[in-house]
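Residue numbers start from 1 in every chain, and the chains themselves are labelled A, B, ... in the order their sequence lines are given, proteins ahead of strands.
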2 protein chains.
Amino acid sequence: MAKLETNINAQPEIEALFFALGEKQRRHIFFSLMDGEKTVKQLAEPLNITLTGLGQHIKILEAAKLVRTEKVGRERICSVNPEGLATMENFAKLHRNLWSSRFSALRKIVEAH
Amino acid sequence: MAKLETNINAQPEIEALFFALGEKQRRHIFFSLMDGEKTVKQLAEPLNITLTGLGQHIKILEAAKLVRTEKVGRERICSVNPEGLATMENFAKLHRNLWSSRFSALRKIVEAH
DNA sequence: CCAATAGTCAAGTTTAAACTTAACTATGAT
DNA sequence: ATCATAGTTAAGTTTAAACTTGACTATTGG
C-alpha cells in the first residue's frame, strides 16, 4: 500500500493561504472586506499604513485567492474572493478526517493487545 | 439593526491558529505529526533545527490547539490536537456563509435597479 | 490645461520573530 | 556512580518580511 500523501502543505495553494492569513494586518484587511468592497485608500486609512504597504498586502492576499481586485479608473476596488475560504474549509475537513481515521486505526491496534 | 460582529479575528483562538500555521516550519511539524506521534528530537532532526528552536515552535502550536504534548520520562511526546482543525473548519464555514449571504443581499439590491 | 488624487515601482530601513548558544535539570543506561 | 540523552531556560544573534521613502504614471475634477 502506497504511503498516503499528507503533506498537502507542499501545495503552493495552501502555502499561500496560510502565509497570507498568518499576518495580523492582512487578517484585518480580509475581515474589513467581509463588510463590503473597498478601495486601497479606504483600507489603508484605519490601519495607519502607507498605500504602498497596503498594496503589498493586497498582492499577497490576491495570490492566496482570499481577495480579488479590479482597477476602476484611478482606484483599485478590493473585495473578498470566496475561493480562499473554500480551500481552507476543504483543507480542514480533509485533515480532520485523515487524522480521525488514523486515530481510530491506532485505537484498534492498541485494543487488540 | 446592530452591526454584525465579523471581526471574529479578534478572538485570540483564531489569532493563535493562523499565527501558528503562518510559518513554514510549523506547518511541516504539524503535517509530520499527522502521520503519528513523535518526540521533540524526532521532529527536530529532519528540519535541521536545534531542540530549543523546535521546542519554541511546539509551544506556539500547543497554544493554537493544533498539537498536544505529554512528558514521558525524559521525552516529550507530541501529537495532533484535533481541536485546532475543528476551529478552522468552523471558522471557514461561518465566514463563507456570512460572505455569501451578504453577497446575495447585494445582488438583490443591484437587480432591483 | 493644471492641480489634486489614487496607485505603483524600485530601493532601502526597521522590526518582529525565528533561530542559536551556553548553562542547566531530569531521566535513563551501563 | 557516572556518562549520555532529552529537554528547558534566559539571553543574544540573525534573518525574513513588514514597512517607508521618493520618484513616477494614470485618472479625475475644477
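- The minimum heavy-atom distance linking A/A20 with A/A64 is given by the pair CB-CB, 3.6 Å.
- Atom NZ of B/K38 is surrounded by more than 12 heavy atoms from other residues, nucleotides or ligands within 6.0 Å.
- Straight-line distance from the CG atom of A/L51 to the C1' atom of D/dC19: 13 Å, rounded to whole Å.
- Within the 4.0 Å cut-off from OP1 or OP2 of D/dG7, not a single side-chain nitrogen or oxygen of B/K59 is found.
- For B/T50, whose side chain is taken as the heavy atoms from C-beta onward, the closest listed nucleotide among C/dA18, C/dT20, D/dA17 is C/dT20.
- Rounded to an integer number of Å, the gap from CD1 of B/I60 to P of C/dA17 is 9 Å.
- Close to C/dA17, at under 4.0 Å from its OP1 or OP2, lies no side-chain N or O of A/K24.
- The base of D/dT9 sits within donor-acceptor range of the side chain of B/T52, with an N or O pair under 3.5 Å.
- Looking at the side chain of B/R74, the nearest of the listed nucleotides D/dT20, D/dA18, C/dG28 is C/dG28.
- Nearest to the side-chain atoms of A/H57 among the listed nucleotides D/dC19, D/dA17, C/dA18 stands D/dC19.
- Scanning atom types as modelled, one donor and one acceptor separated by under 3.5 angstrom connect the side chain of B/Q56 and the base of C/dT20.
- As judged by a 4.0 angstrom heavy-atom cut-off over every strand, A/G53 is placed among the base-contacting residues.
- If you take CG of B/L54 and C1' of D/dG7, they are 11 Å apart, rounded to a whole angstrom.
- Summarising the geometry, the separation between CD on A/E15 and P on D/dA17 is reported as 11 Å, rounded to the nearest angstrom.
- Between B/I49 atom CD1 and D/dT15 atom C1' there is a gap of 13 Å when expressed in whole angstrom units.
- In this entry the distance linking CG of A/L61 with C1' of D/dA18 reads 13 Å, nearest Å.
- Side-chain contact check for B/F91 versus A/M88: some heavy-atom pair is nearer than 4.5 Å.
- Nucleotide C/dA17 holds its P atom 11 Å from the CD atom of B/E23, rounded to whole Å.
- With a 4.5 Å cut-off on side-chain heavy atoms, B/F19 and A/K24 do not count as touching.
- Checked against D/dC19, C/dA18, C/dG7, the side chain of A/Q25 finds its nearest nucleotide in D/dC19.
- The CD1 atom of A/I58 sits 13 Å away from the P atom of D/dC19 (whole-angstrom rounding).
- For the pair B/R68 and B/E83, the minimum side-chain heavy-atom distance is 4.5 Å or more.
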